[in-house]
Amino acid sequence: MAYSLLERINSPQDLKKLPAGQLAPLCEEIRAFLIESVSKTGGHLSSNLGTIELTVAMHRAFTTPMDKIVFDVGHQCYTHKLLTGRRQQFDVLRKLNGLSGFPSPRESVHDAFIAGHGNTAISVAIGMARAKKLKNEPGKVIALVGDGAFTGGMVYEGMNNIDTLNNLIVILNDNKMSISKNVGSLSRYLTVLRTNPEYNRAKANTETILSAIPLLGSPLVRALQGGKALLRRGLYHSTMFEEMGFQYLGPVDGHDVIKLTELFQNLHHQTAPVFVHAVTVKGKGFKPAEENPGEFHGVSSFDPSHALDPDVAPAASFSTCFGQHLEALAESRTNVCAITAAMKYGTGLQYFYRHFPDRFFDVGMAEQHAVTFAAGLASQGMLPVVAIYSTFLQRAYDQMIHDVCLMDLNVVFAVDRAGLVPGDGETHQGIYDPAFFRQIGIPVYSPCNYAELTYWLEYLLDQGKGPRAIRYARGGEPETLSLLGCSKQPYDVYKAEGPAKTAFVTYGTLTAEVLKAAQLLKQQGTDVDVYKLVQINPLPDGLCEELTRYDHILFAEECMEQGGIGDSLGAALSEYRWPGHLTLRGVHSGRAIPHASVAELREVLGLDASSLANAIERD
Ligand SMILES: Cc1ncc(C[n+]2csc(CCOP(=O)(O)OP(=O)(O)O)c2C)c(N)n1
Ligand SMILES: CC(=O)[C@@H](O)[C@H](O)COP(=O)(O)O
Ligand SMILES: [Mg+2]
């Protein structure tokens, strides 16, 4: 398809030169381009289709990089990237050395701040706006935040600190969706704002009447927004956002690019922090995505003419295996509850939800609350299973210590996306949890295939006591690991044919690479025994004694090396005054992990079979 207008936009300045009458046609071209391109590369689709007009209007009314546009989560930044000179890179979206799927200041001066985890944009924007004030710098800071992101507590911490920053603009992109339908009282409140005529009519009239009076209008409007809450409340229902110090404008049509542009251009005269409530449709303009925005939130490549069938069962994966087995276990274990932080389908909990809706809790993008909520449940005898991606669990570090461990409460952490993940890049890697669980003292189990996940999940529910974690990779089990069957012991040894003075030690799906490395070494005449751990913290009893018989041990893990499980093995072996040589292979801090396939990431990090085999040869 020809994109005659879009091809004329190679910088934000080009957009400003476009006649106003061509803005809506440009948005349609962007929409068609995104459907065509993302259907080939995969990526985030429905969120980006829903923010095209908002983004065009922002770049029409504001001037980056002087004005800062801060995206919350950042998965909806594709139009922003198209308008800032990166159209030609979309064929390598989320690919090694290609375009990131999230904002990245390393990629462009127009990307104000990195993003990937939600609820951060308002805090970032306040910091930037305050810095502009302190440095007496011109320019606005605009935070684009979704309604799903508004279910996270940090958003309220930020709004509590907006003070009188009249260079701050928060745009709420309200599409009633998180990844699945948005949840909680905030979502219900936004529905009132969208539909209650009191907010719609009274607000618009009051603002229009008052700001139409040139001099009197603005001081009076200022007074309404400022301390004169009683006066304001006498005039109309004030919104939660006004009570926090914003001038609230909305709800406005988030797809009317002309009106949005006019609104944003008027904000150059703002006298207070402004909150724009935009209403959009997630998946706008692509019928299958409009009808099923959750299915099209994150997509792999697909044929746009044959939309995904939402009733088709998801492919087998660790998440599906976890979700289906937890559902089965919960039948007789009536104290088991399941908690997700806005990732019902991502964690496979849709099965539990359909069977036990009363014991299922989607708390929104609120991982800290999820963990402490679980602690509250456990303190009263329930057995909560908290299913959170490794990367998102990072933000509940204190809650795990303070609210779960100090009282030794019965909480099971189901840590999904544990290890390297493709596509999402540096903000989403599941590489820190073994180190922080080890530091906190939470037992961790790492099944390498579905059979082990099934066995050890049941074990942890029935035998475990206090906080405990089971972690598993994104996607499906490697064929070679499925063939290993289920290790019902804390660790297993796969002996070489001949006597071995070298051992590989590893856990999880990286075992597939390690077994391949052992094969490569065998072909070169070197026998290596392979130890596969399931219980990784604390190290299993008897492991260290057994390992002291080797001269050389290579420990490989798809996690941070510093503080990782290899570290704990090193410490344990030194207590045995083991004279041998330990080689650690993991992820090193300070190394940005690019967006790429897991196989490519393992090569980049030296965790692929040949690198591991060479590590033995070399050392
Ligand atoms: C802290 C955190 N938890 C969970 C996620 C996973 N996640 C990515 S996008 C998303 C939903 C975002 O909804 P919203 O902010 O409304 O944006 P929309 O996709 O509707 O445009 C979630 C839960 C995340 N990125 N960060
Ligand atoms: C943007 C975001 O954080 C989520 O959409 C995340 O990309 C989901 O990851 P999975 O694709 O592994 O479920
Ligand atoms: Mg949303």
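Counting convention: from 1, in listed order, for ligands and their atoms alike.
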With heavy atoms only and a cut-off of under 4.0 Å, state how Phe392 meets ligand 2: side chain, backbone, both or neither.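 Phe392 to ligand 2: side-chain contact only, backbone stays beyond 4.0 Å.
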Proximity of Val73 to ligand 2 by residue part, where a heavy atom lies under 4.0 Å: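 Answer for Val73: side chain.
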So, [X] versus [Y]: side-chain donor-acceptor pair below 3.5 Å or not?
| X | Y | result |
| --- | --- | --- |
| Thr340 | Asp362 | no |
| Ser317 | Thr320 | yes |
| Thr454 | His325 | no |

Nearest to atom 5 (O) of ligand 2 by heavy atom, Met343, His75, His297, Arg94: which?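 Result: the heavy atom closest to atom 5 (O) of ligand 2 is in His297.
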Where the Mg ion (ligand 3) is the centre, what is the OD1-to-OD1 angle for Asp147 and Asn175, rounded to 10°?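 With the Mg ion (ligand 3) as the vertex, the angle is close to 90°.
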Going by heavy atoms, is His117 under 4.0 Å from ligand 2?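 The answer is no, since His117 has no heavy atom less than 4.0 Å from ligand 2.
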Proximity flag Asp424 to ligand 2, non-hydrogen atoms under 4.0 Å: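 For ligand 2, residue contact (heavy atoms, under 4.0 Å) with Asp424 is present.
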Taking 4.0 angstrom as the limit and counting only heavy atoms of Phe102, give me the atoms of ligand 2 inside it, by number and element.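 Taking each heavy atom of Phe102 in turn, ligand 2 has 1 (C) under 4.0 Å.
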Where is the nearest protein heavy atom to [atom]: which residue, which atom, and how far?
| atom | answer |
| --- | --- |
| atom 4 (C) of ligand 2 | His44 NE2, 3.9 Å |
| atom 10 (P) of ligand 2 | Arg417 NH2, 3.6 Å |
| atom 11 (O) of ligand 2 | Arg474 NH2, 3.0 Å |
| atom 3 (O) of ligand 2 | His428 NE2, 2.7 Å |

Between [atom1] on residue [X] and [atom2] on residue [Y], distance to nearest 0.5 Å:
| X | Y | atom1 | atom2 | answer |
| --- | --- | --- | --- | --- |
| Lys282 | Asp147 | NZ | CG | 8.0 Å |
| Glu107 | Arg86 | CD | CZ | 5.0 Å |
| Phe275 | Ile171 | CZ | CD1 | 10.0 Å |
| Lys40 | Ser301 | NZ | OG | 11.5 Å |

With respect to the Mg ion (ligand 3), please indicate if [X] possesses an N, O or S atom at a distance under 2.8 Å.
| X | result |
| --- | --- |
| Ser178 | no |
| Asp174 | no |
| Ser47 | no |

Go through the steps to decide whether Tyr156 and Met240 satisfy the test side-chain contact (heavy atoms from CB on, under 4.5 Å), and finish with yes or no. CA-CA 11 Å; Tyr156 301 89; Met240 164 177 85; 4.2 Å; yes
Arg474/Asp416 under salt bridge (Lys or Arg N to Asp or Glu O under 4.0 Å): CA gap, chis, key distance, verdict: CA-CA 7 Å; Arg474 181 182 195 273; Asp416 201 330; over 6 Å; no
With Arg354 as the cation and Tyr351 as the aromatic partner, state whether NZ or CZ is under 6.0 Å from the six-membered ring centre and within 45° of the axis.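 Cation-pi check for Arg354 and Tyr351: passes.
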Lys81 charged N/C atom sitting above Phe90 aromatic ring, 6.0 Å / 45°: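 Pair Lys81/Phe90 does not count as cation-pi.
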Quick check on the 6.0 Å ring-centre criterion: do His110 and His80 meet it?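 Aromatic pair excluded; centres sit 6.0 Å or further apart.
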Phe241 and His277: aromatic ring centres closer than 6.0 Å?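 No, the ring centres sit 6.0 Å or more apart.
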Kindly print each ligand 1 N/O atom paired with any protein N/O atom under 3.5 angstrom away, one pair per line, or none if nothing qualifies.
{"residue": "ligand 1", "atom": "3 (N)", "partner": "Glu367", "partner atom": "OE2", "Å": "2.7"}
{"residue": "ligand 1", "atom": "15 (O)", "partner": "Ala149", "partner atom": "N", "Å": "2.9"}
{"residue": "ligand 1", "atom": "16 (O)", "partner": "Asp147", "partner atom": "N", "Å": "3.3"}
{"residue": "ligand 1", "atom": "16 (O)", "partner": "Asp147", "partner atom": "OD1", "Å": "2.9"}
{"residue": "ligand 1", "atom": "16 (O)", "partner": "Gly148", "partner atom": "N", "Å": "2.6"}
{"residue": "ligand 1", "atom": "16 (O)", "partner": "Met177", "partner atom": "O", "Å": "2.8"}
{"residue": "ligand 1", "atom": "19 (O)", "partner": "Ser47", "partner atom": "OG", "Å": "2.9"}
{"residue": "ligand 1", "atom": "19 (O)", "partner": "His75", "partner atom": "NE2", "Å": "2.8"}
{"residue": "ligand 1", "atom": "19 (O)", "partner": "Lys282", "partner atom": "NZ", "Å": "2.7"}
{"residue": "ligand 1", "atom": "20 (O)", "partner": "Asn175", "partner atom": "OD1", "Å": "3.2"}
{"residue": "ligand 1", "atom": "20 (O)", "partner": "Asn175", "partner atom": "ND2", "Å": "2.8"}
{"residue": "ligand 1", "atom": "20 (O)", "partner": "Met177", "partner atom": "O", "Å": "3.1"}
{"residue": "ligand 1", "atom": "20 (O)", "partner": "Lys282", "partner atom": "NZ", "Å": "3.4"}
{"residue": "ligand 1", "atom": "25 (N)", "partner": "Gly116", "partner atom": "O", "Å": "2.8"}
{"residue": "ligand 1", "atom": "26 (N)", "partner": "Gly118", "partner atom": "N", "Å": "2.9"}

